Amino acid sequence: MAADKPNPAHRVTVVETTQSRPNTTIGELFGELSNQISTLIRGEIELTKVKAVAQAKKSGVAVGLLAAAGVFALYLLGWALHSAEEAFALIMPQWGAAITVTGILLLITVILALAGVMFLKRGMKDKPDPSVNMKLNIAAVKRGMEK
């Protein structure tokens with residue numbers, strides 16, 4: 001879908017430079033360097049925004065599944081209490097049915113909770129970490145300054 005694709009707010013400008021430019025002053029070179037660094041930082045910020053949105057979408061599914069597990073857990077508590085009441089008060093075949101329903105609700109709750117935890121862990125793998133890319137960019141600038 002077109003809505004799923006990230007749309008950067010600013011177009012990234014690629015500045016091409018050549019190795020030998022005899023009439024270029026140091027001031028012009030520093031001007032180009034500051035322009036390239038600010039473009040690089042804006043790009044990193046935009047990348048971090050896109051990654052954060054993707055993580056939020058994946059975490060939303062996990063939160064929904066965990067909320068559903070919580071609702072079923074409340075039903076489970078009600079049925080467990082009802083089953084205990086039936087088992088201890090009447091001691092008749094009816095309590096067996098109540099315990100069976102409790103077991104089914106427990107199974108549903110466990111399945112939803114495990115699915116929610118799985119989606120949450122999968123969503124955390126895409127956690128944005130801008131420091132990694134910034135370290136790589138700084139190392140590339142240092143290598144470029146040495147030449």
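What you see is a predicted model; the values in this text were computed from it and never measured.
By the side chain to side chain contact (heavy atoms under 4.5 Å, CB included) test, Q55 pairs with S59, M124, K127, P128, sequence neighbours left out. K58 pairs by the salt bridge (charged side-chain N to carboxylate O under 4.0 Å, His left out) definition with D126, not counting sequence neighbours.
With hydrophobic clusters built from ILVMFWY side chains whose heavy atoms lie under 4.5 angstrom apart, L107 does not share a cluster with L76. By the criterion of side-chain heavy atoms lying less than 4.5 angstrom apart, applied directly or through intervening Ile, Leu, Val, Met, Phe, Trp or Tyr residues, L106 is not grouped with V117; the two fall into different hydrophobic clusters. Both F119 and I108 are assigned to one and the same hydrophobic cluster, defined by single-linkage of ILVMFWY side chains at heavy-atom distances under 4.5 Å. The hydrophobic cluster containing L47 does not contain I41, counting ILVMFWY residues as joined when their side-chain heavy atoms lie under 4.5 angstrom apart, directly or transitively. Residues V110 and V71 fall within the same hydrophobic cluster, defined by Ile, Leu, Val, Met, Phe, Trp and Tyr side chains chained together at heavy-atom separations under 4.5 Å.
The shortest non-hydrogen separation linking A69 to L112 is CB-CB, 3.9 Å. Shown here for G116 and A62, the closest heavy-atom pair between the two residues is O-CB, 3.5 Å.
Rounding to the nearest 0.5 angstrom, the gap separating the CD atom in E32 from the CG atom in N35 is 8.0 Å. Distance CZ/F72 to CD1/I111: 10.5 Å, rounded to 0.5 Å.
The shortest side-chain heavy-atom distance between T25 and E28 falls under the 4.5 Å cut-off. Between T48 and K51, every side-chain heavy-atom pair lies at or beyond the 4.5 Å cut-off.
The closest donor-acceptor contact from the side chain of Q36 to the backbone of L33 lies at 3.5 Å or more, if one exists at all.
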